[in-house]
Number of protein chains: 2
Amino acid sequence: MTAKTKEIQILETGELLFNKYGVRRVTVEEICQTAGVSKMTFYKYFPNKVDLAKCIIQNLTDDAEQRFNKTMRLAIPFTEKVHLIIEQKIEDNERIGEEFYGDLTGSVPELLNFLQGIGRQAYKRMLDIFKEAQEKGDIRKEIPMEFILYSLNSILDKINDPQLAGIFKDRKEMIKIMVENFFFGIAEKHTDA
Amino acid sequence: MTAKTKEIQILETGELLFNKYGVRRVTVEEICQTAGVSKMTFYKYFPNKVDLAKCIIQNLTDDAEQRFNKTMRLAIPFTEKVHLIIEQKIEDNERIGEEFYGDLTGSVPELLNFLQGIGRQAYKRMLDIFKEAQEKGDIRKEIPMEFILYSLNSILDKINDPQLAGIFKDRKEMIKIMVENFFFGIAEKHTDA
DNA sequence: GTATTGTGTACTATATTCGTATATAATTTA
DNA sequence: TAAATTATATACGAATATAGTACACAATAC
């Protein structure tokens, strides 16, 4: 039927189940049964459940990075680019279900560090892009890069703040608002680049 | 804040979590924490988790029955009534989430019997209504009531058939098609009653 | 053939969950 | 206020579920 390797079957099944129920509520055996794979095969490819989750997140992140780079290389005005990036960020977040994400920060604390690590990498990439944009004149020159740095960190932290989560109807809405506010609050007004 | 009793808080929390994750994946302690209730209080009102699930289903069923009776007492044509009933049935099904329902028939077999019992009660009520409808001329007289009985049973059985589940995109779609087919396949054609 | 890859079962150790006991706090009622 | 009711928090043993491994065997690829 499917010419997929067992490893890919496990990865796809994991993504499906984790998105639906979160990491905590899903067992290794359940993944195996759903994927049509024996437990031994699972442990051949992944040391444990949390590592599978990490692997899935890593794949999703790599995908997101590729799309991000692709968009950044486009020869379009900066503001337009930012719009595309925001839309992509929202799409990216939709690919990790609310339950999956909830477990990352809550019941499986090990994954929180992992995710924060990934966040920091993304943060560095963004910083380079902002520096470049500032040199090009897309971001106001008088804003210290340290402030942008601080603001970005602030956003990354707040994403996991339960108090803030209560203000918005869901996480996606929160991210949308925050990212839009961040970008367009610092963007130099200009109609074309 | 909420003037709700602890028992109602537990019931509402249970409905919420069971609908989202199914009975199997939710623990008693989780219900208690989410409901803001101690475990002792839980066991004061409910002997165990499965019994809570039963209670929730019973409540939903009672609600559905009330709405059903209300609709049946309306002075409108039979076909119109059937349309309303179908819509209600679909709404009823939407109130029990896919995951909740899945656990009822799968991992928590005790609940299957319970649900089938409820199904049989509903079945008796329906039968009376069909008899009345047949006398009134809303259903073709030449159809033996035994066949209607058989067809109804057949539908109730098939709802839990995993093979059939694969044919439709989801359970709701399946029920909609089956109920519509059942009703309008036996309905006497007439423009008004 | 013979590697390779995968399966199925059984098994132990560990972790989770259940349900209860107990002592204490908060609230209601008389 | 005193007594009764209701809820909580913690701890606990028992039952259950899950993790991860060992082993013997089957299917498939080369």
Side-chain angles (χ1 to χ4, degrees), chain A residues 1-56 99-100 102-112 114, chain B residues 1-56 99-100 102-112 114:
Chain A
M1 302 290 170
T2 50
K4 294 169 190 169
T5 74
K6 297 286 174 183
E7 189 181 6
I8 290 176
Q9 277 176 259
I10 295 170
L11 282 166
E12 288 179 350
T13 305
E15 187 176 340
L16 200 80
L17 291 175
F18 290 159
N19 271 327
K20 216 169 183 177
Y21 305 110
V23 179
R24 189 178 30 126
R25 289 179 214 267
V26 176
T27 68
V28 172
E29 269 173 346
E30 188 182 8
I31 295 168
C32 293
Q33 282 172 9
T34 312
V37 152
S38 79
K39 199 152 62 154
M40 284 307 295
T41 305
F42 178 96
Y43 283 106
K44 190 171 205 169
Y45 291 111
F46 306 96
N48 53 55
K49 186 174 68 173
V50 172
D51 227 77
L52 171 64
K54 281 185 187 175
C55 197
I56 290 166
E99 311 313 328
F100 195 171
D103 269 5
L104 299 189
T105 63
S107 357
V108 189
E110 184 187 350
L111 286 175
L112 180 56
F114 180 73
Chain B
M1 303 292 173
T2 49
K4 294 168 190 168
T5 74
K6 298 285 175 184
E7 188 181 5
I8 289 175
Q9 278 176 258
I10 294 170
L11 282 166
E12 288 179 351
T13 304
E15 187 175 339
L16 200 79
L17 291 175
F18 289 159
N19 272 327
K20 216 169 182 178
Y21 305 109
V23 178
R24 186 179 35 125
R25 289 178 213 268
V26 176
T27 67
V28 172
E29 269 172 347
E30 189 183 6
I31 295 168
C32 292
Q33 281 173 9
T34 312
V37 152
S38 79
K39 200 153 65 158
M40 287 306 295
T41 305
F42 178 96
Y43 284 107
K44 190 170 206 170
Y45 292 111
F46 306 96
N48 54 54
K49 186 174 69 174
V50 172
D51 227 77
L52 172 64
K54 281 185 189 175
C55 198
I56 290 167
E99 312 312 327
F100 197 171
D103 270 6
L104 299 189
T105 62
S107 358
V108 189
E110 185 187 351
L111 286 174
L112 179 56
F114 180 72

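So that the names make sense, note that chain A is the first sequence line, chain B the second, and so on, each numbered from 1.
Interface limits on DNA chain C: the 5'-most and 3'-most nucleotides within less than 4.0 Å of chain A heavy atoms are C/dT5 to C/dG8.
What you find for A/Phe46 and A/Cys55 is that their closest heavy atoms are CE2-SG, 4.0 Å. Taking both residues in full, the closest heavy atoms of A/Phe18 and A/Val23 are given as CD2-CA, 3.7 Å, listed atom of the first, atom of the second, then distance. Closest non-hydrogen pair, A/Tyr21 versus A/Val26, comes out as CB-CG2, 3.9 Å. Listed here is the closest heavy atom pair of A/Gln9 and A/Thr13: O-OG1, 2.7 Å. Closest approach of A/Thr41 and A/Val37 over heavy atoms only: CB-CG1, 3.6 Å.
Side-chain atoms of A/Phe42 and A/Leu52, non-hydrogen and from C-beta on, do get closer than 4.5 Å to each other. The side-chain heavy atoms of B/Leu11 and B/Tyr45, taken from C-beta on, include no pair separated by under 4.5 Å. Looking only at side-chain heavy atoms (C-beta outward), A/Thr27 and A/Lys49 stay at 4.5 Å or farther from each other.
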**Message:** Assess the residue pair A/Arg25 and B/Lys20 against the criterion (side chain to side chain contact (heavy atoms under 4.5 Å, CB included)); give the C-alpha distance rounded to whole Å, side-chain angles, the decisive distance to 0.1 Å, and a yes or no.
**Reply:** CA-CA 12 Å; A/Arg25 289 179 214 267; B/Lys20 216 169 182 178; over 6 Å; no
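Side chain of A/Lys39 to backbone of A/Cys32: no donor-acceptor contact under 3.5 angstrom is found.
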Dump the pairs, protein N or O against N or O of nucleotides 18-21 of chain D, anything under 3.5 Å, distances to one decimal.
from: D/dA19; atom 1: OP1; to: A/Val28; atom 2: N; distance (Å): 3.4
from: D/dA19; atom 1: OP2; to: A/Val28; atom 2: N; distance (Å): 3.0
from: D/dG20; atom 1: OP2; to: A/Tyr43; atom 2: OH; distance (Å): 3.1
from: D/dG20; atom 1: N7; to: A/Lys39; atom 2: NZ; distance (Å): 3.0
from: D/dG20; atom 1: O6; to: A/Lys39; atom 2: NZ; distance (Å): 2.8

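An angle of 40°, rounded to 10°, separates the two end axes of the helix from C/dG1-D/dC30 to C/dA30-D/dT1, each defined over five pairs.
Taking 4.0 angstrom as the limit, B/Lys44 places none of its side-chain polar atoms (N or O) nearer than this to OP1 or OP2 of D/dT5.
Residue contacts for A/Tyr45: at a heavy-atom cut-off of 4.0 Å it reaches the sugar-phosphate backbone alone, with no base atom in range.
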